[in-house]
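In the text below, chain A, chain B and the rest are named by the order of the sequence lines, each starting its count at 1.
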Number of protein chains: 2
Amino acid sequence: MVFAKSIFMRKESFYHLHSDICKTIANPRRLAIIDMIHKGEMTVSTLVKKIGISQANLSQHLAILRSKGVVQTRREGNNIYYSIANPKIIAAFDLISEVLRESTSSRSKTVSNAFDHKR
Amino acid sequence: MVFAKSIFMRKESFYHLHSDICKTIANPRRLAIIDMIHKGEMTVSTLVKKIGISQANLSQHLAILRSKGVVQTRREGNNIYYSIANPKIIAAFDLISEVLRESTSSRSKTVSNAFDHKR
DNA sequence: ACAATAGATTTGGAAATAATAATTTAATTT
DNA sequence: AAATTAAATTATTATTTCCAAATCTATTGT
């Protein structure tokens, strides 16, 4: 007998691309970058000052954000301005922030163990 | 002279928590799980069949989703039902899906190198 | 053309993740 | 109470991610 393909087999490449974007923003320093430029473009040197990490490390994070299309760049003389490529990234960022606020305020911090389900 | 704290120093713990949630969903198999249960609860054994990964591995992913409060559980007899804890997680998931669709359709797939900024 | 400034890339090692296999726990049925 | 079914946990190993240090490239000003 032939089995139907699982949802994972059918959509594996989609989930892979999706997780690539999520991984791209799943880093404290890259989130700080996104937070800094979400209201408008900013140069690398300004980001270095405001975020307070090394230029080399910032540049690495920017390269990752660039490679996944999360940010855009524009050069003006010696400076390169970075901005968010798609406003929906900001919307997603904000939604997760809300989840965070809601869970830290309401949810009890007990990490649920599935074996809590005793009778 | 005393320097002002960088945004990263001031909000580091926030960004860390934020990235924890992002990391939690930044995995193809966990995205498949979220996609499967986003319309309603489902048992572990049903998920094993539909997603098509081993029970042990699925259980590990469920434990990660549980520990970060992304999913909820409910036991009924021998079965444990999993569901999404906060609908905003789904909203964020959908937003990223849209970003993905938009970028695969419109954006040229050239990975931008910052040194493209030549004159 | 040379120095200075802004930013990117490479390399290497440490830490975090992910998948598999094997074992264990809980609830139900006989 | 033994067997069965559903799900979780524990090692173990392979892969990935992260940061720092050093080096390199592009642009501008002199």
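- Distances shorter than 4.0 Å separate some side-chain N or O of Asn79(B) from OP1 or OP2 on dA7(D).
- Asn78(B) comes within contact range of at least one nucleobase, with a heavy-atom separation under 4.0 Å.
- In this structure, the CD1 atom of Ile53(A) is 10 Å from the C1' atom of dC19(D), given to the nearest Å.
- Atom P of nucleotide dA7(D) and atom CG of Leu47(B) are separated by 9 Å, given to the nearest angstrom.
- Regarding contacts with the backbone of dA18(C), a side-chain N or O of Arg30(B) is found under 4.0 angstrom from either OP1 or OP2.
- Considering only side-chain N and O atoms, His61(B) lies nowhere under 4.0 angstrom from the phosphate OP1 or OP2 of dT17(C).
- Between the OH atom of Tyr82(A) and the P atom of dG7(C) there is a distance of 9 Å, rounded to whole Å.
- Of the possible donor and acceptor atoms, one in the side chain of Thr24(B) sits under 3.5 Å from a partner among the backbone N and O of Asp20(B).
- A donor and an acceptor atom never sit less than 3.5 Å apart when one is taken from the side chain of Gln55(B) and the other from the base of dA6(D).
- A donor-acceptor pair under 3.5 Å links the side-chain atoms of His38(B) to the main chain of Asp35(B), judged by distance alone.
- With values rounded to the nearest 0.5 angstrom, Arg74(A) atom CZ is found 10.5 Å from Thr43(A) atom OG1.
- In this structure, Ile84(B) is not a member of the same hydrophobic cluster as Leu95(A), with clusters built from ILVMFWY side-chain heavy atoms closer than 4.5 Å.
- In terms of position along DNA chain D, the nucleotide closest to Val44(B) lies nearer the 5' end than the nucleotide closest to the other residue of the pair Val44(B) and Lys23(B).
- Residue Ile64(A) contributes atom CD1, which lies 9 Å from atom P of dT17(D) at whole-angstrom precision.
- Under 4.0 angstrom from either OP1 or OP2 of dA8(D) there lies at least one side-chain N or O belonging to Arg66(B).
- Closest contact between the side chain of Arg29(B) and the listed nucleotides dC19(D), dT20(C), dT9(D) involves dT20(C).
- Comparing dA22(C), dC18(D), dA8(C) by their nearest atom to the side chain of Ala56(B) picks out dA22(C).
- In this structure, the nucleotide among dA20(D), dA8(C), dA6(D) sitting nearest to the side chain of Asn57(A) is dA20(D).
- The backbone N or O of Ser103(A) sits nowhere less than 3.5 Å from a side-chain atom of Arg101(A) that would complete a donor-acceptor pair.
- Between the side chain of Gln60(B) and the base of dA8(D) there is no donor-acceptor pair of N/O atoms closer than 3.5 Å.
- In this structure, of dC18(D), dT9(D), dA7(D), it is dC18(D) that holds the atom nearest to the side chain of Asn27(A).
- Between the CE atom of Met42(B) and the C1' atom of dA6(D) there is a distance of 16 Å, given to the nearest Å.
- Side chain of Ser45(A), nearest nucleotide from dT9(C), dA6(C), dA19(C): dA6(C).
- Taking atom CZ of residue Arg74(B) and atom P of nucleotide dA7(D), one finds them 12 Å apart after rounding to whole Å.
- Distance alone, capped at 3.5 Å, is enough to place a donor-acceptor pair between the Arg30(A) side chain and the Lys23(A) backbone.
- Leu62(A) has its CG atom 15 Å from the C1' atom of dC19(D), to the nearest Å.
- Between Ile80(B) atom CD1 and dA26(C) atom P the separation is 11 Å, expressed in whole Å.
- Looking at the side chain of Ser54(A), the nearest of the listed nucleotides dA8(C), dA19(C), dA20(D) is dA20(D).
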